[in-house]
Amino acid sequence: MPSSSQNFDWLNRGTSEIFPNQPQSDNPEENLEQRILKSDRPLRVKLGIDPTGTDIHLGHSIPFRKLRAFQDAGHTAVVIIGDFTAKIGDPTGKSEVRRQLTTEQVKENAQTYLKQLRPILDFETPGRLEIRYNSEWLGKLDLAQIQELLATMTVGQMLAKEGFAERYSQEKPIFLHEFLYPLMQGYDSVAIEADVELGGTDQKFNIAVGRDLQRHFHKKPQFGLLLPILLGTDGAQKMSKSLGNYVGLREDALSMYSKLEKTPDALLKDYFELLTNIDLATLSENPRECQKLLAIEIVSQFHGQDSALQAKQTAEQIVLQGNTHADGDSVPEYSLSEVTFPAKIFYILGASGLCKSSGEGRRQIQGGAVKLEGEKITDVNLTVDAADKLVGKVLQVGKKKFIRLVE
RNA sequence: GGGUUGGUAUCCAAAUUGGUUAAGGAGUUUGACUGUAAAUCAAGUGCUUAUAUGCCGUGGGGGUUCGAUUCCCUCCCAACCCA
């Protein structure tokens with residue numbers, strides 16, 4: 001057996017909490033390091049995702065990175081696709097009920113998710129990855145079994161859960177089926193016999209329910225390993241698609257880079273710790289340097305180093321020169337074929353999607369934000385009488401939004 | 001089932017003995033500054049190939065009125081209390 005001096009940095013880096021946790025104990029039921037050392041088989045490490053959307057962002061990637069660390073240490077990652085639970089929606093952290101999804105949407109989303117996880121997880125090494133859909137067991141539960149699950153918890157226990165407590169006190173609606181969610185997630189742990197479950201700190205309740213249920217069904221209770229919730233690029237609220245402060249794993253290199261290079265100073269250390277393997281002690285004092293290193297490092301993970309470096313170059317060109325000579329490929333094109341001429345510029349702004357509406361386009365021109373081929377447009381009603389006067393030119397709103405006009 | 005309170009823009013939130021542009025804040029967009037940022041300052045933030053006595057807009061629909069976020073009818077949604 002390995003000695004107790006084995007290095008557990010991979011386990012503890014960026015980890016917010018492990019429970020149960022008795023650091024002094026050598027009981028493998030109370031101390032995860034002991035469990036790892038003393039187990040005669042690879043541990044089964046569970047991580048669930050609900051395929052409720054199509055995009056995964058860096059915040060979601062954190063537990064998956066930890067899962068990868070477990071894989072690299074020789075353990076089995078069990079990824080649960082919550083195709084069944086997605087139809088209920090995790091009430092965690094929600095102030096409102098989630099919309100329920102159709103089976104087709106869920107299936108499609110699951111595939112998209114797995115694709116996005118390829119750069120993070122080890123899909124190759126045999127025995128290191130299991131992918132399970134929880135409809136496999138949840139779909140088979142009959143009413144008697146559901147009743148048994150429900151009987152393991154009280155309304156009071158449920159209402160103690162953060163999101164519910166809040167909604168209850170604010171007199172916001174809580175639907176009964178939402179109570180089922182933690183029980184189902186917990187039952188997943190029973191079904192796959194999880195040794196460890198990973199999740200964000202907001203998952204503590206749900207993971208703890210898993211332990212209770214495992215005990216109820218006479219299985220060994222799992223450990224919970226909680227990871228911090230990543231703050232978004234605004235530095236204020238947690239990263240989330242709906243708040244728009246996220247970096248999606250599917251984004252192209254340039255877009256990723258330009259978001260990450262302006263990571264708020266206060267967040268740099270967390271981002272390095274949670275999203276890279278770089279030794280924190282080696283970081284530069286200069287925050288600007290760190291931002292760039294962070295951006296390069298993360299973009300490399302998903303797009304390779306070459307693309308990352310190129311993105312850096314392009315980003316610098318765009319921002320520093322504030323001009324339209326960005327890399328030709330990275331400027332989206334808009335076809336003028338739908339436009340009837342003579343056309344007003346503000347109309348083209350709206351029609352091309354550069355602005356939300358032609359009204360907004362108009363206002364942006366008034367605000368001096370619109371440039372055509374690098375020249376500021378000052379006349380709100382500027383009208384172009386034929387398409388060929390615009391073809392090949394670049395239309396720009398602000399510093400970041402460009403389109404190239406084509407036929 | 002009975003009762004009470006409430007629903008205002010992306011979110012929060014004012015205003016109504018019926019009166020013209022639906023306060024304010026947050027968010028967001030743009031400009032200045034800068035380290036690309038943050039902070040700060042300024043402007044914008046329903047629609048329309050618009051300059052017009054235009055159209056839309058306070059949960060949905062209808063009504064009264066010169067005029068409705070406000071009054072009436074009806075429907076929908078939620079919370080709370082009672083059973």
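Residue numbers begin at 1 in each chain, while the letters A, B, ... track the order of the sequences.
Across every strand in view, rU17(B) sits unpaired, with no contact that passes the Watson-Crick or G-U test at under 3.5 angstrom. The partner of rC11(B) is rG25(B), by the rule that a Watson-Crick or G-U pair needs both atom distances under 3.5 Å.
Taking the side chain of Gln364(A) as heavy atoms from C-beta on, and the options rG31(B), rG35(B), rU30(B), the nearest nucleotide is rU30(B). Distance from the side chain of Asp265(A) is smallest to rG35(B) among rG44(B), rG35(B), rU30(B). Closest contact between the side chain of Ala369(A) and the listed nucleotides rA37(B), rU30(B), rU49(B) involves rU30(B). In this structure, the nucleotide among rG31(B), rG35(B), rA50(B) sitting nearest to the side chain of Lys399(A) is rG31(B). For Lys262(A), whose side chain is taken as the heavy atoms from C-beta onward, the closest listed nucleotide among rU30(B), rA37(B), rG35(B) is rA37(B). For Lys344(A), the listed nucleotide lying nearest its side chain is rU49(B); candidates were rG31(B), rU49(B), rU29(B).
Rounded to a whole angstrom, the distance from the P atom of rA39(B) to that of rA26(B) is 12 Å. For the C1' atoms, the distance from rU8(B) to rC77(B) is 15 Å, rounded to whole Å. Atom name P, nucleotides rA9(B) and rG18(B): the rounded distance is 24 Å, in whole Å. Comparing rU58(B) with rU49(B), their C1' atoms sit 31 Å apart, to the nearest whole Å. Distance check on atom P: rG35(B) versus rG24(B) gives 35 Å, rounded to whole Å. Distance noted for atom P between rU48(B) and rC56(B): 15 Å (whole Å). For the P atoms, the distance from rA68(B) to rG19(B) is 11 Å, rounded to whole Å. Nucleotides rA42(B) and rC33(B) are separated by 12 Å at their C1' atoms, to the nearest Å.
Exactly one residue among Gln34(A), Glu33(A), Glu30(A) makes a side chain to side chain donor-acceptor pair (under 3.5 Å) with Ser25(A). That residue is Glu30(A). Among the candidates Arg44(A), Arg211(A), Glu193(A), Glu197(A), the single residue satisfying the side chain to side chain donor-acceptor pair (under 3.5 Å) test with Gln222(A) is Glu197(A).
Gln366(A) comes within 4.0 angstrom of nothing in the nucleic acid, heavy atoms only. When heavy atoms are screened at a 4.0 angstrom cut-off, Asn286(A) is found touching no nucleic acid atom at all. Within the nucleic acid shown, Ser258(A) has no heavy atom closer than 4.0 Å to any nucleic acid atom.
Ring-plane geometry between His177(A) and Phe175(A) is classed as tilted, the angle between the planes lying from 30 to 60 degrees on a 0 to 90 degree scale.
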Inset, instruction - Start with the C-alpha distance between Arg13(A) and Asn277(A), add both sets of side-chain angles, then the distance that settles side chain to side chain donor-acceptor pair (under 3.5 Å), and finish with yes or no. - result: CA-CA 9 Å; Arg13(A) 177 175 178 130; Asn277(A) 293 322; 4.9 Å; no
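Proximity of Arg363(A) to the phosphate of rC47(B): a side-chain N or O atom is located under 4.0 Å from OP1 or OP2.
RNA chain B lies under 4.0 Å from at least one heavy atom of each of the following residues of residues 350-361 of chain A: Ser357(A), Ser358(A), Gly359(A).
When each of Pro342(A) and Asp234(A) is assigned the nucleotide of RNA chain B bearing its nearest heavy atom, the one mapping closer to the 5' terminus is Asp234(A). Remark on RNA chain B: of its neighbouring residues Lys376(A) and Asn381(A), the 5'-side contact belongs to Lys376(A), judged by nearest-heavy-atom nucleotide.
The structure places CG of Leu47(A) at 14.5 Å from CZ of Arg68(A), a figure rounded to the nearest 0.5 Å. Taking SG of Cys355(A) as the reference point, atom NZ of Lys401(A) lies at 6.0 Å (rounded to 0.5 Å).
Aromatic ring centroids of Phe164(A) and Phe179(A) lie under 6.0 Å apart.
Annotation: salt bridge (Lys or Arg N to Asp or Glu O under 4.0 Å) contacts of Lys204(A) (sequence neighbours excluded): Glu17(A).
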Scan nucleotides 77-82 of chain B against the protein and return all N/O pairs shorter than 3.5 Å with their distances rounded to 0.1 Å.
unit_1  : atom_1 : unit_2    : atom_2 : d
rA79(B) : O4'    : Glu171(A) : O      : 3.2
rA79(B) : O2'    : Glu171(A) : OE1    : 2.8

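When every heavy atom of Leu254(A) is checked against every heavy atom of Ala315(A), the shortest pair comes out as CD1-N, 3.8 Å.
Ion pairing between a basic and an acidic side chain is recognised when a charged N comes within 4.0 Å of a carboxylate O; Arg250(A) and Asp55(A) show such pairing. Between Lys312(A) and Glu261(A), no side-chain nitrogen of the basic residue sits less than 4.0 Å from a carboxylate oxygen of the acidic one, so the salt-bridge criterion is not met.
Side-chain atoms of Thr340(A) come within donor-acceptor range of the base of rU49(B), with a qualifying N/O pair under 3.5 Å.
For rA50(B), the O4'-C1' to base torsion is within 90° of 0; the nucleotide is therefore syn.
We find that OH of Tyr257(A) is positioned 14 Å from P of rA37(B), with the value rounded to whole Å.
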